[in-house]
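Worth knowing before you read on, the calculation uses all heavy atoms, side chains too, and leaves out hydrogens, waters and symmetry mates. Every number for a ligand or one of its atoms is a count from 1 in the order of the listing. Computed from a predicted model, the values in this text were never measured in an experiment. The residues of the chain are indexed from 1 along the displayed sequence.
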Amino acid sequence: MSLIGARVVRKEDPALLTGQGAFVDDLAPTGCAFMAMVPSSEAHARIVSIGTEEARRAPGVLAVWTAADVADLPLVPGPPGLQRPLLAAGTVRYLGEPVAVVVANDRYQASSAAALVVVDYEPLPVAANVAAAMAAGAPLVNPDLPSNVVFEQGLGDEGLAELEACPHRATLRISIPKCAPSPIEPTGCLADWGPTGLTEWVPFQAPHHLRTMLSRFFGVSQDQTRVILPEIGGGFGSKINFVPELFLAPALSRFLQRPVKYIQTRSEAMQSMYHGRGQEQEVEVGFDDDGRILVLRAMVTQDNGAYPNETGMGLPVLTTTMAAGCYHIPKVVTGWRNVLTHTTPVAAYRGAGRPEAAFLIERTIDLVADELGLDPVEVRRRNVIRTFPYATHSPLAVYDSGDYAGALDELMRIMDYEGLRAEQERRRSDPDAPLLGIGFSSWLEIAGFGPPGSLEGFGHLGSWESVQVRIQPDGSAIVYTGAAPHGQGTVTTFAQIAASELGIPFDKVSVRYGDTAVVPQGIGTMGSRITPIGGEGVRTASGKVVERAKRIAAHLLEAAPEDVVLAEDGFAVQGTPSRTIAWSEVAWKSFQPLEIPSDLEPGALDATVFQQVSNFSFPSGAYGCVVEIDRQTGRVEIRRMYLVDDCGTVINPMLAEGQVHGGVAQGVAQALYEQVVYDDAGTMLTGTFMDYLVPSAVEIPPFTDSFVCTPSTSNTLGAKGIGESGSVGAPPAVVNAVVDALSPLGVRHVDMPVTPEKVWRILRDGTATPV
Ligand code: MCN
């Protein structure tokens, strides 16, 4: 019986719920020392001197290192010419940049001693945002470069003539603030150099990539470099960045010949975990009288912070690739630039570039509707793509399948649109009633990273995922994978796929991952790739195992291999269901040379694949949001969110819904609450959860879920990713609802986060926000 589509409860949960899951901070090897960082207190400054004497003399201190002590070590892996130092050498470039590291016998001694390190700074001019960084005479973040714009692909004049020829034109300037990913567990690691080399326990989304980088960094072979994932308290993209601490801990462990642990504090995490988003968008749109969009020109400026990495620099590429969303727009012209600023580096955060794209196009659609006085749902219907495959303006994106109009239909079905519009009218004429707003987003994203050529620069190997399926002599199955889950439920998902393909009971399938000594190669978890690529790998490898097993079963059943079929927990002869043999029997015999066909080698029923797929997958959906706005305080409350998702074949609806809800929570947070704020001097004003509102269950709205299914054509499961969908689709739906509520005041756009203060000012002044 197939378990694809079954609401199976998570195999992962018993250990976590009974407190038996071990996170990195639960590991305490004998003799473990602790590391604490000394962060820069300036955003841009020359380091005049660093006084370490007092810290060195402090109780329990084993070492204090500054840049001079790590001069013989390489830079942190990153884009050539843009790599960051392990410890700031001569200049600090953002507030919080590591200046020194202290290691002591316990974490309290380490952090007390870190406070005794005295750094004398000579402050330098600061460019704390892209406008300041691009201004004439701006202070250079990287003095080796001619400008703070490290990469630029301009728009030029392309599309301007077509735009001029459009019956209607509009422009939109969007500012998408930065977010702090804030997983429940901040950055941490435990490094131990032993006789067999380096072992590092680290919550990381790409352990094999880290293994490769550690091995190169320290000049030791890969077989002497082992990365182990403990349990992980979330990542949301932030645990894929090579931060100095992951290399300093092993360096100190080698130096001290002791295990060294580092656990970031929450305040450090706010400053040091790479931020997400941070884009300025300039949009020009041309359309006809019916609201059909004819031309879209979009320029995206990405704030990369002080040290860009590969994923950070890729953000505007993903945004511009997906800028036209699910709409057929005859002329799309996009450009982007990566800009350095004196702020925390910016990189992937759940959605990574696609929430920004969805926001760009979904706000634009509402603007078009508003200009023409048309219903926003109708404008969406008139523009959506209806035939597949669909080649976009970007060579990266050829949409494989979708039913964007069907998702809108389903959304209309579950949300009673007409009733809501009638209620809105009634409320508008009642000055005591909160304003009601209804917003939509027919979002689309690119996931399932990716086909050959898409991840080579990242993983230094390829765009596959490794999966090994092995049957144990007792007939149980183990799936080994290079996937590196950190909350997604991959163990359950892969066990469902393997059990379905092998006919082995779900409870007899286990899934192992996250130890480079157990699974020698892998890529990891990012870009919602694990189900469409790794899941497909489970199916491919299981199929190969079944083929071998069938030959042995046929031999034992004295039947032709083509007559042997899978039966419950074993095999049967087609047409003679009484002639059966169990997996355990076949697996046991597979080790015995005299029991198997003479042309087969004895050994485990086992297959390893490096699964590739032919294309990305393009998850999509239609989200609706209903907000109420308090006329006195400007507070926005989401009454309900209606969520129609298309992730192709759903492997486990319960887990898929969980992924959507988590992503929507983060999307709602971005729309209404979260924003990393710097002042002009580069001081972060939102360094704690007192200033940076991560919503709790109280702020998260109720959801109504639904799925439509257009199977992906890039894998035989038909699965598209869903891990980032909610964070892509939610922000425009929420903001469109807010703008809808405020539209009688002439409001045409509000930037995120839509705080009560912002709305209160609009209500008080009764003026439109400039577009
Ligand atoms: N699923 C399904 N059917 C599908 C697709 C997915 O049932 N067609 C379910 C499966 O249970 C699967 C899960 O959704 O395990 C996610 O699968 P997929 O969309 O393939 O995404 P990945 O496993 O590659 O996860 C990556 C994605 C990303 S990029 C981020 S960021 C993210 C996320 O997932 N960070 C998370 N989800 C997170 N969830 C938690 N709890 N914590 C994080 O840090």
Side-chain angles (χ1 to χ4, degrees), residues 3-13 16 179 181-185 203-206 231-241 273-274 276 311 318 347-355 445-450 455 465 481-497 511 513 522-538 613 616-621 645-667 707 709-712 714-715 717-728:
L3 286 179
I4 308 282
R7 288 182 175 267
V8 179
V9 294
R10 293 183 3 138
K11 276 182 184 282
E12 292 89 336
D13 286 346
L16 294 170
C179 294
S182 314
I184 209 160
E185 176 201 40
F204 203 71
Q205 295 176 222
E231 296 286 1
I232 303 183
F236 311 118
S238 67
K239 287 181 179 162
I240 209 152
N241 301 307
M273 283 192 117
Y274 284 24
T311 60
L318 289 169
Y349 166 50
R350 200 172 194 170
R354 291 96 85 205
E445 72 134 332
I446 182 169
F449 287 24
L455 274 187
E465 193 48 85
T481 177
H486 43 286
Q488 292 85 354
T490 306
V491 168
T492 306
T493 313
F494 279 16
Q496 281 178 259
I497 299 170
V511 179
Y513 66 91
I523 300 290
T525 298
M526 77 284 303
S528 300
R529 67 190 304 268
I530 288 311
T531 310
I533 303 182
E536 179 75 353
V538 176
V613 293
F616 294 94
S617 71
F618 295 89
S620 61
D645 272 276
D646 181 357
C647 65
T649 308
V650 185
I651 309 298
N652 184 329
M654 186 174 62
L655 299 192
E657 281 164 14
Q659 287 293 305
V660 171
H661 294 173
V664 169
Q666 285 173 302
F707 285 90
C709 174
T710 60
S712 171
S714 63
N715 60 78
L717 287 168
K720 306 174 184 181
I722 201 167
E724 295 162 286
S725 298
S727 60
V728 175

Could you pull out, from Q488, K720, E12, R529, the option with a heavy atom nearest to atom 36 (C) of ligand 1? Q488
For atom 40 (C) of ligand 1, which candidate among S528, G487, A352, G726 holds the nearest heavy atom? G487
Which atoms from ligand 1 have a heavy atom of [X] less than 4.0 Å away?
| X | answer |
| --- | --- |
| V650 | 3 (N) |
| G527 | 29 (S) |
| L655 | 11 (O) |
| E724 | 28 (C), 29 (S) |
| I722 | 1 (N), 5 (C), 6 (C), 14 (O), 18 (P), 19 (O) |
| G237 | 31 (S) |
| A719 | 8 (N) |
| T493 | 10 (C), 11 (O), 12 (C), 15 (O) |

Out of curiosity, is [X] lining ligand 1, as in a heavy atom under 4.0 Å away?
| X | result |
| --- | --- |
| G648 | no |
| P485 | no |
| P532 | yes |
| G662 | no |

Give yes if a backbone or side-chain nitrogen or oxygen of [X] is under 3.5 Å from a nitrogen or oxygen of ligand 1, and no if not.
| X | result |
| --- | --- |
| I530 | yes |
| G723 | yes |
| C647 | yes |

Would you confirm whether [X], through its side chain, and [Y], through its main-chain N or O, come within 3.5 Å as a donor-acceptor pair?
| X | Y | value |
| --- | --- | --- |
| R529 | G524 | yes |
| E185 | I232 | no |
| S528 | A447 | no |

Taking atom CD1 as the centre, does I184 end up with more than 12 heavy-atom neighbours from other residues, nucleotides or ligands that are less than 6.0 angstrom away? no
Tell me the contacting part of M526 for ligand 1: side chain, backbone, both, or neither, using a 4.0 Å heavy-atom threshold, strictly below. backbone
Using a heavy-atom cut-off of under 4.0 Å, does the side chain or the backbone of T649 touch ligand 1, or both, or neither? backbone
Mind checking whether [X] and [Y] have side chains closer than 4.5 Å, heavy atoms only?
| X | Y | value |
| --- | --- | --- |
| K720 | T710 | yes |
| Y513 | T525 | no |
| S725 | E445 | yes |
| S714 | F616 | no |

Could you pull out the closest heavy-atom pair between V511 and V491, with the gap in Å? CG2-O, 3.4 Å
Between Q488 and H486: side-chain donor-acceptor atoms closer than 3.5 Å: yes
Quick test: of every protein heavy atom, which one is nearest to atom 17 (O) of ligand 1, and how far off is it to 0.1 Å? T531 OG1, 3.0 Å
